[in-house]
2 protein chains.
Amino acid sequence: MAQAKYQEIAGRLRDQIDSGTLQPGERLPSEPDLVRQFDASRNTVRLAIALLTNQGLVVTRQGLGTFVSEPARPFTALLSRVNVPPRQSGSTQLPVISDAADEAETTRQVVEKSPASASVAEKLEISPGDLVVVRRRQGAIRAIPWMMMASYFPLDIAEGTPLEQAGEISQGSITLLAELGFTQIGFVDEIGAKMPSPREFAFFGLTTGTPVIVVNRTAYTQDRPIRMTRYVYRADRVRLTHEVGTIPARYHQG
Amino acid sequence: MAQAKYQEIAGRLRDQIDSGTLQPGERLPSEPDLVRQFDASRNTVRLAIALLTNQGLVVTRQGLGTFVSEPARPFTALLSRVNVPPRQSGSTQLPVISDAADEAETTRQVVEKSPASASVAEKLEISPGDLVVVRRRQGAIRAIPWMMMASYFPLDIAEGTPLEQAGEISQGSITLLAELGFTQIGFVDEIGAKMPSPREFAFFGLTTGTPVIVVNRTAYTQDRPIRMTRYVYRADRVRLTHEVGTIPARYHQG
DNA sequence: AAGTGGTCTAGACCACGGG
DNA sequence: CCGTGGTCTAGACCACTTC
């Protein structure tokens, strides 16, 4: 067979979606309908739909049907903007710059002490298993969860300081770290994407076929890394931006 | 049933992967083995494996078996580095900064004239369907395809200029645009992730469960957008970085 | 109650990779 | 050749949504 039947079915449906014959939000023919239409077994039809689902093209809802995905207006988080005051550009919290910025809410920061994973240890230049102080929080906009973040501090820096206390740090962690003698002079962001873990999938309420964006931000003094913050965003509703050079103000929001 | 049987099976296998009982690269029990082990039908076992595949945890190879995914050392592309000469930081080609940078190859640039899509039109502030000049190229490192890029120029800027000729632009497109009277003063990157289209899937040779990272870089003069470049990267082997502030040299490569 | 997708079974044959 | 995963069928029953 040149092409498997389920791939043929998926291709036909995909064509209808791409061409606009099936509009976003519109219901696909039911599975029994597709069985008749393509003279296939129901399992084969379901294989085809699974393909489209994993490509993020359709979503299925039990009892209702299968629908063409509707792209959501994304929230936009600002990674950095060059030529702005360093406190802002190096802030721990990535500012939201979508029109819904006013409605952004974050949970109270939760603090724990735990062993560093391999990736955290590498960034902080410590050994895997060394204890680090972790500060976590999540963010939502209009009741839509969109961000998870966790900041990791080496124990020798954070132990016995306000970094170990839950809740807000009034002056901000960058200022606090500076007061402790660790003045941040820069940071590096490392950006990737992956399929969500089950936790991430559940927290964001994702549908199958939606990846997440991961940003690892490592902050440095002159001598050493002092903090690593990991942000996880749902890729279906979030875009990251950063600006370099002089951008006319009217372009800031895209 | 509190949990479907195929989810139960997937969960058990996932636990073994997370705990290291099954190491990266190791083969899972064969499907008939799992059928016996969990007293399930083969289709149910395959559903469980499909779940893990779509989460990027395992890959299946016909005739061989199902294997725990092995994370590859990622290539790193530099989005921007503050305080470097603007020609470098605004370059059309995102520089590779992994240890394999020397082996990066790109295809010859291909040029075409075509109608602007909705997303291109929005960034360039033209109408969808207006003609734009498109310059495409792909990149590979050690025979591994890792990048697709396409630059879009408004027709009124590019028509009749060397931007319409295939192959390299000797002085670089930023300099060329400046010579044409369009001096770039900044750019905005918009970063997202999604599941690959069939074309992207085929070009990169991806396995199911691997997303792609998409960067839309829009360059501006004082008055208007003059170019939009879209980069697509495979998320399983690419990380993007950008640096802000003063980063000690030894941290540049992570 | 009727229609939708979700789960599961049992069995068949095909395609690929390696002895 | 044999063992692996890939495709496909036919049928059953369950869970959810709407009327």
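Within every chain, numbering begins at 1; the chains are lettered A, B, ... in the order of the sequence lines, protein sequences first and strands thereafter.
- The side chain to side chain donor-acceptor pair (under 3.5 Å) analysis of residues 36-49 of chain A, with sequence neighbours excluded, yields the pairs A:E31-A:R42, A:E31-A:R46, A:D33-A:R36, A:S41-A:T44.
- For the pair A:R46 and C:dG6, the criterion of a side-chain N or O lying under 4.0 Å from OP1 or OP2 is met.
- Within the 4.0 Å cut-off from OP1 or OP2 of C:dT4, not a single side-chain nitrogen or oxygen of A:T66 is found.
- If you take CD of B:Q62 and P of D:dG5, they are 10 Å apart, rounded to a whole angstrom.
- Here D:dT7 is the nucleotide among D:dT7, C:dG5, C:dT9 with the atom lying nearest to any side-chain atom of A:A4.
- Distance CG (A:N43) to C1' (D:dT7): 11 Å, rounded to an integer number of Å.
- The shortest distance between the side-chain N/O atoms of B:K5 and the OP1/OP2 oxygens of C:dT9 is below 4.0 Å.
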Return all side-chain donor-acceptor pairs below 3.5 angstrom for residues 195-205 of chain B, not counting sequence neighbours, or 'none' if the list is empty.
from: B:S197; atom 1: OG; to: B:E200; atom 2: N; distance (Å): 3.2
from: B:S197; atom 1: OG; to: B:E200; atom 2: OE1; distance (Å): 3.3
from: B:E200; atom 1: OE1; to: B:K194; atom 2: NZ; distance (Å): 2.7
from: B:E200; atom 1: OE1; to: B:S197; atom 2: N; distance (Å): 2.8

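- One finds the CD1 atom of B:I17 at 5.0 Å from the CG atom of B:L57 (value rounded to the nearest 0.5 Å).
- The side chain of A:R42 approaches C:dT7 more closely than any other nucleotide in the set D:dC8, D:dT18, C:dT7.
- In this model, the phosphate group of D:dG6 is approached by a side-chain N or O of B:T60 to a distance below 4.0 Å at OP1 or OP2.
- Between the side chains of A:S119 and A:R230, a donor-acceptor pair is found at a separation under 3.5 Å.
- Checking C:dA10, C:dG17, C:dT7 against the side-chain heavy atoms of B:L64 singles out C:dG17 as nearest.
- For A:R27, counting side-chain heavy atoms from C-beta on, the closest listed nucleotide (D:dG11, C:dT4, D:dT7) is C:dT4.
- For B:T44 and C:dT7, the shortest distance from a side-chain N or O to OP1 or OP2 is not below 4.0 Å.
- Distance A:E31 CD to D:dC8 P: 16 Å, rounded to the nearest Å.
- For A:P32, taking side-chain heavy atoms from C-beta onward, the closest of the listed nucleotides D:dG11, C:dG18, C:dT4 is C:dT4.
- A:L47 places its CG atom 15 Å from the P atom of C:dG5, with the value rounded to the nearest Å.
- Using bins of under 30°, 30° to 60° and over 60° for the plane-to-plane angle, the ring pair A:F75/A:W146 lands in the perpendicular bin.
- Residue contacts shown for A:D33 are absent, as no nucleic acid heavy atom lies under 4.0 Å away.
- When the C1' atom of C:dA15 is taken as reference, atom OH of A:Y6 falls 13 Å away, rounded to whole Å.
- D:dA10 atom P lies 8 Å from atom CG of A:D39, rounded to whole Å.
- Side-chain N/O atoms of B:S30 include one lying less than 4.0 angstrom from OP1 or OP2 on D:dT4.
- Considering only side-chain atoms of A:A40, the nucleotide from D:dT9, C:dG5, D:dT7 that sits closest is D:dT9.
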